[in-house]
There are 2 protein chains.
Amino acid sequence: MQERQGGVIESRAVRMNKTAMRKRANLRDVAAEAGVSVATVSRVMNSPATVAPATRERVEGAMRRLQWVPSAAARAINSGRTRFVGALVPTLDSDIFARVLANLEQGLTAQRLSLVVATTDDDPDIELAKARALLDIGAEGLIVSGMTRSPDFDELVARARLPVIAISCHDPDYRMPTIGYDNHGAALAALSHLTGLGHRRIAVLHGPLRNDRTQRRVLALQGQGDADLTFHETTLSTAGGCQAVRGVLSGRRPSAILCLSDVIAAGAMAEVQRHGLRIPDDMSVMGLDDLPGSAHLYPALSTIHLPVSRMGRAVADALAGWVERDEKPDPQLLDHELVVRASTGPCR
Amino acid sequence: MQERQGGVIESRAVRMNKTAMRKRANLRDVAAEAGVSVATVSRVMNSPATVAPATRERVEGAMRRLQWVPSAAARAINSGRTRFVGALVPTLDSDIFARVLANLEQGLTAQRLSLVVATTDDDPDIELAKARALLDIGAEGLIVSGMTRSPDFDELVARARLPVIAISCHDPDYRMPTIGYDNHGAALAALSHLTGLGHRRIAVLHGPLRNDRTQRRVLALQGQGDADLTFHETTLSTAGGCQAVRGVLSGRRPSAILCLSDVIAAGAMAEVQRHGLRIPDDMSVMGLDDLPGSAHLYPALSTIHLPVSRMGRAVADALAGWVERDEKPDPQLLDHELVVRASTGPCR
DNA sequence: TTGAAAGCGCTAACAA
DNA sequence: TTGTTAGCGCTTTCAA
């Protein structure tokens, strides 16, 4: 079959001068075209200094003529590296994950790693399926959101001995390193800002409870007996905030609305104002996230700042270190911070 | 070296029963463990029906015991497929791209393709570098934004014979298929909504001109002599909108503000209201994009709806068809649409 | 139903 | 400075 192989190369080279080649050239084709061995071609790629200039030029000419592009798969099979990791996030359609991913991608790029994204819609089964798909295509590490996993997920990553980091949450005892903030504490901080202003009757608006970060925030508040809280679940969107506020205002009116996500708060504020109420005079509105836009709403939204950009960079470094140098990172807690702006005021 | 090979397998298998294996198991290890040939193991993976149940079970047991995970690279080298494509977008930190990518990812998933994302910050050189990186790791196709390319980009994709689609724009004569909307027409539609309401003195707020989509929108308006337009470049953010409005209101006051992106409009509306002006009575504000949140701002933003979700799905189908079945897609123009809400009113 | 063996495109050890 | 060649882990004929 050496014969056959030779024949194929020959016919390719011949055809090439007339019309488009039907197949991508490989190292052997380039070597044949340049009249050198495959090793020399490989050297031109990987250690050009060890190749005589004249030879190198001949090889480079051949590469150009054959429009040769190295095969990533072949390189990967030798190096054992694919140089990309996967991120499993609930949705891409959210300012908060966009910001995490933006920073993550930048941090990974600095380490010459690429980022594959996959969305889970907060469904552990989808997460599992997409994790499988990511492993199938060769992801060297994974980022997951929160701490709700499918049972099979753990077996999967254990088998593959895969670096995995959970983000947007914090729990040093979780079976994989977490890098994130304290959702429980952040929710409490938001509430105590309102109670500190004298608010007692407070409507709490939050997204779907199947998201465990949302769940933690809600649970944190449910433990607080000193305030009169009513909880309203809605979709994680401005539309959800609007809708929930319509419900809130149709009943016994609270003096403040605590939104456990800024997107919801944005919708809530708009709807409150559409009802002719002034913020914060007639109604205080508090958020939680601190999206880039929240400072520039009208009125500017008081909220809890979550360090998502910092988180993105931290995760990039942590995962890169794990993947590249086998350094398993420690769990990392990033502080949240109260940001008082114009949407909250004293109860009256 | 057959000896050596055998010896290594042996020692691995032996060690495995005592302590963790130092290396990931491969097909040969599994075959040896199960007492079958590598071909049989491969069949268990790819066409289980052709393997005797008893044999299959033995093999599956061996896979489990050795915690075997197939190598993506080895599979890729045989199939010539990596099953992922790359998207090059200016930024992830924007509602608009988040929404495109969300739909893109969903569409690709349906075709069993994964999505690698890379950000370019609207810089052709960064785009080129990241395109190289994506090819290096084996992307089978690329999505780029707009029509500004580095000269070397074309050579790169030509050499790799790589399917590439340009999005967020429309030009049937562009050297690669475009799937997107008519930025020129959308800007004109926004303007004519305002002029139709009687507005003549209009401040136009827009993002950085190095983005060619923004540039098209601006150029479209600059050709319009019948209105008195002043242009204000700012950052593509709510903060940018706020800041630009401060400049606008310090000069001769227009009766309307036309923002060529909704994010800018959101900031602009907030700042206008902070100056004590009512929208639309004292000032009309018009957007362009129609972000999910724009309908739920206060007041609800009049804007031009760009079909970004539809675009995401269309691109997914087009690129999948190209990559999987070599069907090069035709350019595709998606219609924009005027959405009149509460932020615009008659000039007075 | 199974196995032997030839590749896939590249890297790297070793020889010349 | 260059070439020969044995792998990397898998798929896929072809034979048995």
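Side chains are part of it too, since the values below use all heavy atoms of this structure and drop only hydrogens, waters and symmetry mates. So you know, we letter chains A, B, ... as the sequences are listed, proteins then strands, and number each from 1.
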Could you grab the distance from atom NZ of A:K328 to atom CD1 of A:I165, nearest 0.5 Å is fine? 10.0 Å
Could you walk me through whether A:D212 and A:T148 satisfy the side chain to side chain donor-acceptor pair (under 3.5 Å) test, starting with their C-alpha distance in whole Å, then the side-chain angles of each, then the deciding distance to 0.1 Å, before giving a yes or no? CA-CA 7 Å; A:D212 62 10; A:T148 309; 2.8 Å; yes
Atom CZ of B:R81 to atom P of D:dT12: distance rounded to whole Å? 13 Å
Compare side-chain N and O positions of A:S42 against OP1 and OP2 of C:dT11 and report whether any pair is under 4.0 Å apart. yes
Rounded to whole angstrom units, what separation is found between the CE atom of B:M63 and the C1' atom of D:dG9? 13 Å
Check the pair B:R175 / B:M147 against side-chain contact (heavy atoms from CB on, under 4.5 Å), numbers first and verdict last. CA-CA 9 Å; B:R175 54 192 180 275; B:M147 311 201 298; over 6 Å; no
Euclidean distance, atom CD1 of residue A:I77 to atom P of C:dC10 [Å, nearest integer]: 12 Å
Between C:dT11 atom C1' and A:R28 atom CZ, what is the distance in whole Å? 14 Å
Respond yes when some side-chain nitrogen or oxygen of B:N26 is under 4.0 Å from OP1 or OP2 of D:dG9, and no when none is. yes
What pairs of nitrogen or oxygen atoms, one from the protein and one from nucleotides 1-3 of chain C, lie under 3.5 Å apart?
from: C:dT2; atom 1: OP1; to: B:T55; atom 2: OG1; distance (Å): 2.1
from: C:dT2; atom 1: OP2; to: B:A52; atom 2: N; distance (Å): 2.9
from: C:dG3; atom 1: OP2; to: B:S37; atom 2: N; distance (Å): 2.9
from: C:dG3; atom 1: OP2; to: B:S37; atom 2: OG; distance (Å): 3.3
from: C:dG3; atom 1: OP2; to: B:T40; atom 2: OG1; distance (Å): 2.6
from: C:dG3; atom 1: N7; to: B:R43; atom 2: NH1; distance (Å): 3.3
from: C:dG3; atom 1: N7; to: B:R43; atom 2: NH2; distance (Å): 3.1
from: C:dG3; atom 1: O6; to: B:R43; atom 2: NH2; distance (Å): 2.4

To the nearest Å, give me how far apart CZ (A:R24) and C1' (C:dC8) are. 12 Å
Measure from CG on B:L27 to P on D:dT11 and round the result to the nearest Å. 6 Å
Closest heavy-atom contact between B:L134 and B:L142? CD1-CD1, 3.8 Å
Return the value, rounded to whole Å, for the distance between atom CZ of B:R75 and atom P of D:dT12. 10 Å
Distance-only donor-acceptor hits, side chain of residues 315-325 of chain B, under 3.5 Å, sequence neighbours excluded:
from: B:D317; atom 1: OD1; to: B:Q111; atom 2: NE2; distance (Å): 3.4
from: B:E324; atom 1: OE1; to: B:R81; atom 2: NH1; distance (Å): 3.2
from: B:E324; atom 1: OE2; to: B:R81; atom 2: NH2; distance (Å): 3.4
from: B:E324; atom 1: OE2; to: B:R83; atom 2: NH2; distance (Å): 2.8
from: B:R325; atom 1: NE; to: B:E327; atom 2: OE2; distance (Å): 3.3

Pairs where residues 46-58 of chain B contributes a residue and the test side-chain hydrogen bond (donor to acceptor under 3.5 Å, both in side chains) is met, not counting sequence neighbours: B:S42-B:N46
Given atom CG of B:N46 and atom P of D:dT12, what is their separation to the nearest angstrom? 6 Å
